Asker: 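Have a look at the structure that comes next, please.
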Amino acid sequence: MTRDAAAIYIACGIDTSKASVFAQSHVSAHAELTWLLNCVTPIGWLNKMIQFKEKSRKAGDENVGTGLLTYPVLMASDILLYQCDLVPVGDDQKQHLELTRELAERVNFLFGGRKWKKLGGNGGKLFKIPEALISPEGARVMSLTDGLSKMSKSTPSDQSRINLLDTKDIIANKFKRCKTDSFAGLEFGNPDRPECNNLLSIYQLVTGKTKQEVAQECKDMNWGQFKPLIADAVIAHLEPIQARYKEITADSTYLDSVLAEGALKAATIADTTLRNVYEAMGFLPCKRL
């Protein structure tokens, strides 16, 4: 699964000469910083997380692990370790990024500045306060079976989503069976037509056309005309990604070397941040013999 995910990132266009692709578990600083941040995160902040509340309500408290509650803290660690300025997120992740920002400010206030300097550190802020980078188009892609619910790989029904590695026949069948409505024509922005808005948005994203171009092209279409059109567009968009994915996964040595090199580069940055946090919190530095 880890190799597959890495291969998909690269196949989608991530340039490994500019970005470090690595397994989170290969950089121990992620787990270590998560524990440190857990110790200063008010439980009330985590109880407000919408995704936790929704999933725990559906599954029941006895079937939801503590890891789901504290997952936003792990996400904060993933971000804060690398002192980044901007974080590309979907619209549904804004709340988690806001928690990240609040945690960074809290740690900076509790342990940074003069307090850190008195302990022999550099002083100043321990973490940068990151900003969200949200695309104006496609910030929230919705389910094919419910235009009011986001498309998610965790949804039980595979019909609800387009997977990047779905075959042509599967993609065509999913769009053929997707939920639509009985209104005449196709249009953006009608609150009574969430499925229509979602499908037009997907078509816009994969074709690279403007919203105005799509609206003009599709305004007089019916669903029988549009469904094959969007299916063909999505298939064409995913074809080069799937071809590149096959090339990458055929060479496990290449993929393992990318992950190893990525982890080494990431650890260099992450370990520096983690060391500063340990120092600012008053932990005794480890002396290697």
Side-chain angles (χ1 to χ4, degrees), residues 1-41 66-68 70-89 93 96-97 99-108 110-113 116-117 119-133 245 248-249 251-289:
M1 290 292 290
T2 300
R3 286 191 178 92
D4 289 342
I8 286 175
Y9 282 142
I10 299 168
C12 285
I14 296 295
D15 185 346
T16 57
S17 68
K18 298 178 180 178
S20 298
V21 179
F22 63 97
Q24 182 195 62
S25 58
H26 293 174
V27 181
S28 61
H30 288 258
E32 292 184 62
L33 183 60
T34 298
W35 174 247
L36 296 177
L37 294 183
N38 271 332
C39 294
V40 297
T41 303
T66 307
L68 183 60
T70 61
Y71 173 71
V73 183
L74 175 61
M75 183 184 293
S77 298
D78 294 341
I79 296 168
L80 296 177
L81 278 169
Y82 299 98
Q83 306 292 352
C84 53
D85 298 299
L86 298 171
V87 184
V89 292
Q93 293 296 326
H96 283 177
L97 185 60
L99 177 74
T100 299
R101 288 168 51 83
E102 290 173 348
L103 273 175
E105 289 171 347
R106 183 176 175 85
V107 171
N108 286 342
L110 291 174
F111 304 104
W116 180 21
K117 197 156 191 173
L119 293 173
N122 297 326
K125 293 181 179 180
L126 287 156
F127 296 127
K128 280 188 177 182
I129 311 299
E131 298 284 347
L133 179 63
Y245 172 83
I248 295 166
T249 53
D251 186 354
S252 60
T253 302
Y254 164 74
L255 199 52
D256 286 344
S257 67
V258 168
L259 290 172
E261 184 178 344
L264 190 62
K265 289 180 180 178
T268 302
I269 302 169
D271 288 347
T272 298
T273 299
L274 180 65
R275 186 166 57 249
N276 287 339
V277 175
Y278 271 131
E279 182 180 67
M281 285 186 168
F283 283 82
L284 180 68
C286 178
K287 300 295 184 181
R288 302 293 183 185
L289 299 179

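Predicted, not measured: the structure shown is a model, and the values here were computed from it.
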Asker: Would you give the length of the straight line joining atom OG1 of Thr16 to atom CG of Leu255, rounded to the nearest 0.5 angstrom?
Answerer: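 It comes to 10.5 Å.
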Asker: Keeping the roles fixed (side chain from Gln83, backbone from Lys128), state whether a donor-acceptor pair exists under 3.5 Å.
Answerer: yes
Asker: Could you check if a side-chain atom of Asn108 sits within less than 4.5 angstrom of a side-chain atom of Ile129, using non-hydrogen atoms only?
Answerer: yes
Asker: Looking at side-chain heavy atoms only, is the closest gap between Leu274 and Leu36 below 4.5 Å?
Answerer: yes
Asker: Over 60° means perpendicular and under 30° means parallel, so classify the ring planes of Tyr71 and His96, tilted if in between.
Answerer: perpendicular
Asker: Applying side-chain contact (heavy atoms from CB on, under 4.5 Å) to Leu133 and Val87, what does each step give before you reach the verdict?
Answerer: CA-CA 5 Å; Leu133 179 63; Val87 184; over 6 Å; no
Asker: Looking at Ala76 and Leu103, what are the two nearest heavy atoms and their distance?
Answerer: CB-CD1, 3.9 Å
Asker: Might you point out which heavy atoms bring Leu74 and His30 nearest each other, and give the distance in Å?
Answerer: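 That closest heavy-atom pairing would be CD1-O, 4.2 Å.
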Asker: For Ala266 and Tyr82, which heavy atoms make the closest approach, and how far apart are they?
Answerer: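 In this case the closest contact between Ala266 and Tyr82 is O-CE2, 3.3 Å.
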Asker: Crowded around Arg3 CZ? As in, over 12 foreign heavy atoms under 6.0 Å?
Answerer: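 It does not: Arg3 CZ has 12 such atoms or fewer within range.
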Asker: What's the separation between atom OG1 in Thr273 and atom CG in Leu80, rounded to the nearest 0.5 Å?
Answerer: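 Result: 8.5 Å between the selected atoms.
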Asker: For a 4.5 angstrom cut-off between non-hydrogen side-chain atoms, does Trp116 reach Asn276?
Answerer: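 They are in contact (side-chain heavy atoms under 4.5 Å apart), so the answer is yes.
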Asker: Dump the intermediate steps for side-chain contact (heavy atoms from CB on, under 4.5 Å) on Thr70 and Thr34, then the final yes or no.
Answerer: CA-CA 9 Å; Thr70 61; Thr34 298; 5.8 Å; no
Asker: Flag the pair Phe111 / Val277 as yes when at least one side-chain heavy-atom distance between them is below 4.5 Å, and no otherwise.
Answerer: no
Asker: Quick one: closest heavy-atom pair of Leu97 and Glu131, and the distance?
Answerer: CD2-C, 3.9 Å
Asker: Tell me whether Lys265 is salt-bridged to Glu261, with the criterion being a basic N under 4.0 Å from an acidic carboxylate O.
Answerer: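 Salt bridge present between Lys265 and Glu261.
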Asker: Please find the pair of heavy atoms, one from Pro130 and one from Ile79, that lie closest to each other, and give the distance.
Answerer: CG-CG2, 4.0 Å
Asker: Do Leu81 and Ile269 touch side chain to side chain, with heavy atoms closer than 4.5 Å?
Answerer: no
Asker: Where is the tightest heavy-atom contact between Asp78 and Gln24, given as atom of each residue plus distance?
Answerer: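 Shortest heavy-atom separation between Asp78 and Gln24 comes out as OD1-NE2, 2.8 Å.
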Asker: If you draw a 6.0 Å radius around OH in Tyr278, do more than 12 non-hydrogen atoms from other residues or ligands fall strictly inside?
Answerer: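 Buried by this count: over 12 neighbours within 6.0 Å.
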Asker: Report yes if the side chains of Phe22 and Leu264 come closer than 4.5 Å at any heavy-atom pair, otherwise no.
Answerer: no
